Every structure is written in structure tokens, then in C-alpha cells.
Amino acid sequence: MGPLSDASAARGPLLLTVSMPVCTSCNRLIQPGARAVKFNCPNCGEMTIWRCPKCRKFGRQYKCLKCGFVGP
Amino acid sequence: MSEREVEVAVEEELLLPRETLLSAGVHIGTRIKTKDMELFTYRVRPDGLFVLDVKKTDERIRTAAKFLSRFEPSKIVVVASRLYGQQPVRKFCELTGAIPIEGRFAPGLFSNPLHPERIEPDVVIVTDPRADKQAVEEAAAVGIPVIALCSTDNEFSGVDLVIPTNNKGRRSLAAVYWLLAQQVLKERGELALDQSLSVPLEEFEAKLESKE
């Protein structure tokens, strides 16, 4: 996200691209401020795993796409 | 290679000899089995006790050690409200430099910014997710990954990495924390790969009070 200049601010609302994290278990977007957790794959440590609050609460499985580790 | 030879080869890969693990009771579960723990359950004994798969326990200890070695030691918190878990946790923290929380977990320790003894860890290890529920809930509230020692009667709610083991036995908890400490030190490079932990397993065991 780049800085807004005075000229572009005067033109009105801008279309900004914001990438939101996706839950590794359910593939749903994780809303900002949600009680989600992120950590590197416990096995390979290369892929970042995101878990949304629901998947975490229900203990749903996640899978590392790099090494195939299945957790929790 | 015959079937027996394959079995022996597999046994050799375990962190401790199978006999030692079985005599410590690492594989003993409870009479209750949750759906979550089905994956780690090996069989049911005639007396109704569910038995855990020692191979999977071994694998998970290795994985957890790899995971823990990526964190700064002072950012790891180990929680044990169970009496038999307190001595192993103390010894584990002594060797690895983690922070022990024994006994009652004061509410707000992770989540209340006004708490006088507030801790901000990067990862939490709990001895029993049911007994240490407060710690698991607070870790979930602030977004900290949780590693839990789970028996057959535990659920995975709020847990990010499970180590299937008997989390009620005195010797079992000592064996698991001893193995975990050894593996963490090996992963960090503080202990040679062929070396064993200098502290004996007995020192990790909670002492029994003799009544006379």
C-alpha cells in the first residue's frame, strides 16, 4: 500500500489491494483482529500456517503444502 | 529383509529403547477415547484401557523439538498444574532456558496488559490441555501457538501441535520431558547428535512422599 498524495486524496476513494491471510484448514479469509494464530510448519519450518479461531476451537486438521505434515 | 528384521530396524529409530518407554508407561491411555485422539490410538486392552502408538509419540517429540528450537529459549513457556508434571517441567526449563509455570495459572498472565507479572511468550507447552485450560484459552486469545501433551481422553480444542502420551503418569511425564529436552538441545546444536542428556531420567521424576 503506497502513500496517498494530496492530489489523489482529493480525487476520491482509491482502490487499494490488501492481501488477507487464508486459513490453512478451511481456506476462508481471516478477518483483521480475529483471534487467529500463525506459525511456521512444525516439521519443515518453511511454510507459514494460519489457523482461524473456529478451526482452532474445533481442532480441525491442517496440512503443510511443502512437507505434507498433518496437524495438530 | 524379514518382517522381524524390519521391526527391529524401526525400533532402533526410537529415541529411547521401546522397553524403557513401555516401562515408563508412555503408551498407557485412559478408558475414554475422543475422536480427535483416534489417529494416535493403537489398540484397546481387554481391561478397556486405550493404548497409544509409541512410534507416533516418538515422531511428535522430534517434530515438537524442531519447532521449539526455532524460538528464543526465554520466549517458551511451559505450564504444568498437575503435581506430577511440575518437577519434569522445572528440570526441562532448567536445561533449555524456558520459563516454567507450575501450579495455579494466574488468569491474565498472557492476556491482561495490566497484570504485574505479565509474560509475552512466543510458544506455550501445556502438560494437559484440560487441566491447563486457562493457559490454552489465554494463548488462543493472544494468538500464541500451543503444544500439548495429550492422552486418549483429550480434545484438540485450542491446540496447535499434539504430543500423544500418557500425561497422568509420574514416570511417563518424566520420560517425555527428558526426551523433549534432549531433542531440543540437539536441534539447537548444544548437544551432539550421538550424545545423551547428562542429567539422568530419574531427576525428572516427581518425588513420592513416603507416609510413615
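Protein chains get the first letters and strands the later ones, always in sequence-line order, with residue 1 at the start of each. No experiment lies behind these values; they were computed from the predicted model shown. Computed from heavy atoms alone, side chains included, the values below leave out hydrogens, waters and symmetry copies.
With a threshold of 4.5 angstrom between heavy atoms, B:Phe40 approaches chain A through side-chain atoms but not through N, CA, C or O. Interface remark: B:Val146 contributes backbone and side-chain atoms alike to the contact with chain A (heavy atom separation under 4.5 Å). In this structure, chain B has no heavy atom under 4.5 Å from any part of A:Cys55.
Residue A:Phe39 is tested with B:Asp160, B:Asp122, B:Ile144 for a side-chain contact (heavy atoms from CB on, under 4.5 Å); the sole match is B:Asp160.
Counting non-hydrogen atoms of neighbouring residues, nucleotides and ligands closer than 6.0 angstrom, the CZ atom of B:Arg188 exceeds 12 such neighbours. Within a 6.0 Å radius of NZ in B:Lys56, more than 12 heavy atoms belonging to other residues, nucleotides or ligands are found. Residue B:Lys66 places its NZ atom among more than 12 non-hydrogen atoms of other residues, nucleotides or ligands, all under 6.0 Å distant. Residue-environment remark: CZ (B:Arg31) exceeds the threshold of 12 foreign heavy atoms within 6.0 Å. More than 12 non-hydrogen atoms from other residues, nucleotides or ligands lie less than 6.0 angstrom from CZ of B:Phe71. Around atom CD of B:Glu120, no more than 12 heavy atoms belonging to other residues, nucleotides or ligands sit under 6.0 Å away. Counting heavy-atom neighbours within 6.0 Å of B:Glu117 CD, excluding the residue itself, gives a total of 12 or less. Atom NZ of B:Lys75 sits in a crowded spot, with more than 12 heavy atoms from other residues, nucleotides or ligands closer than 6.0 Å.
When each of A:Arg60, A:Arg51, A:Arg56, A:Lys57 is checked for heavy-atom pairs under 4.5 Å with chain B, A:Arg56 comes out on top.
Between B:Pro145 and A:Val37, the closest heavy-atom pair is N-CG2, 3.6 Å. Contact detail for B:Phe156 and A:Pro72: the closest heavy-atom pair is CD1-CG, 3.5 Å. Of all non-hydrogen atoms in B:Arg70 and A:Asn40, the two that sit nearest each other are NH1-O, 4.4 Å. The heavy-atom pair separating A:Val70 from B:Arg60 by the smallest distance is O-NH2, 3.0 Å. When all heavy atoms of A:Phe69 and B:Thr63 are compared, the pair lying nearest together is CE1-CG2, 3.7 Å.
Between A:Asn43 and B:Glu59 the shortest side-chain heavy-atom distance does not fall below 4.5 Å.
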